[in-house]
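Just below is one structure, and these are the notes that go with it.
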Amino acid sequence: MDKKTVVIVDHPNYSQSNVNRRFVDEMRKYPEEILIHNLQSCYPTGVLDASKEHCVLENNGTIVLQFPFYWFNCPPKMKEWFDKVLTSNWAFKDAYHLEKKKIGLCVSCGSEEAAYTTSGRHHRKVEDYLANILHAFEMCRVDYIGSFITYGINDTEIVTADVIGQRAREYIEWLKSIAS
């Protein structure tokens with residue numbers, strides 16, 4: 001059996017999420033291919049267990065980090081994940097346990113795509129805001145395979161339940177296309 005794609009999900013208000021929750025519901029249809037690893041439910045009151053996280057990463061294939069764009073970055077629990085998991089002598093420096101692993105991002109943004117341009121309201125692309133994460137990937141010698149970005153989720157007149165459902169199916173196709 002091939003290794004599963006592990007999707008590490010972080011959403012500080014998961015129960016109120018329209019997009020991330022719908023994406024997880026869609027992924028649940030593929031338990032043989034996708035391992036959903038929700039940081040909020042795994043660690044509801046405590047600090048991340050780096051050993052557990054290392055085990056999850058080492059025993060699965062492609063890695064996807066899924067989160068809402070949160071003040072132009074990842075949410076706090078995902079930042080903690082970077083700090084506790086991608087440590088010296090495990091992820092970089094003298095040991096590269098993730099070397100050559102495929103890794104990608106799934107990001108949901110409240111603003112429309114046009115806002116993330118040089119002439120838009122936010123003045124730069126989402127990937128520019130996430131440069132620190134992309135650089136961490138470089139340090140760990142992983143193969144960054146790109147991002148699946150969903151824009152405009154705060155515009156409920158345009159981003160309806162049907163649109164989110166379609167986007168969730170597109171996400172599954174993207175996950176299958178990047179699988180190890």
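The minimum heavy-atom distance between Tyr151 and Val159, with the atom names listed, is O-CG2, 4.0 Å. Taking both residues in full, the closest heavy atoms of Pro12 and Gln40 are given as CA-NE2, 4.2 Å, listed atom of the first, atom of the second, then distance. Met78 and Ile8 get closest at one heavy-atom pair: CE-O, 3.6 Å.
Looking at Val24 and Asn38, their side chains never come closer than 4.5 Å, going by heavy atoms from C-beta outward. The closest side-chain heavy-atom distance from Arg167 to Phe23 is below 4.5 Å. Side-chain contact check for Arg121 versus Glu112: some heavy-atom pair is nearer than 4.5 Å. Contact check for Cys106 versus Val7: no side-chain heavy atoms found under the 4.5 Å cut-off. Side chains of Thr87 and His54 form a contact here, defined as non-hydrogen atoms less than 4.5 Å apart. The shortest side-chain heavy-atom distance between Thr62 and Ile145 falls under the 4.5 Å cut-off.
With hydrogens and angles ignored, the 3.5 Å screen pairs a side-chain donor or acceptor of Lys4 with a backbone N or O of Pro31. Put simply, the side chain of Thr117 gets close to the backbone of Ala114: a donor and an acceptor are under 3.5 Å apart.
Ring planes of Phe148 and Tyr171: tilted class, angle from 30 to 60°.
Taking CD1 from Ile34 and CG from Leu175, the interatomic distance works out to 5.0 Å, rounded to the nearest 0.5 Å. Between the CD1 atom in Ile164 and the CD atom in Gln166 there is a gap of 12.0 Å [rounded to 0.5 Å]. Expressed to the nearest 0.5 Å, how far CG of Asp10 lies from NZ of Lys77 amounts to 8.0 Å. Rounding to the nearest 0.5 Å gives a distance of 7.5 Å between NZ of Lys79 and CG of Asn132.
Counted within 6.0 Å of NZ on Lys176, heavy atoms from surrounding residues, nucleotides or ligands total more than 12; the atom is thus considered enclosed. Crowding of Lys125 atom NZ: a count of heavy atoms from other residues, nucleotides or ligands under 6.0 Å not exceeding 12.
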CA sep, side-chain torsions, deciding dist, call: Arg22, Glu26, salt bridge (charged side-chain N to carboxylate O under 4.0 Å, His left out): CA-CA 6 Å; Arg22 179 65 178 87; Glu26 194 70 23; 2.7 Å; yes
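Both cation-pi conditions hold for Arg124 and Tyr129: the charged atom is under 6.0 angstrom from the six-membered ring centre and inside a 45 degree cone around its axis.
Hydrophobic clustering places Leu86 together with Val142 (ILVMFWY residues linked when any side-chain heavy atoms are closer than 4.5 Å, directly or through intermediates).
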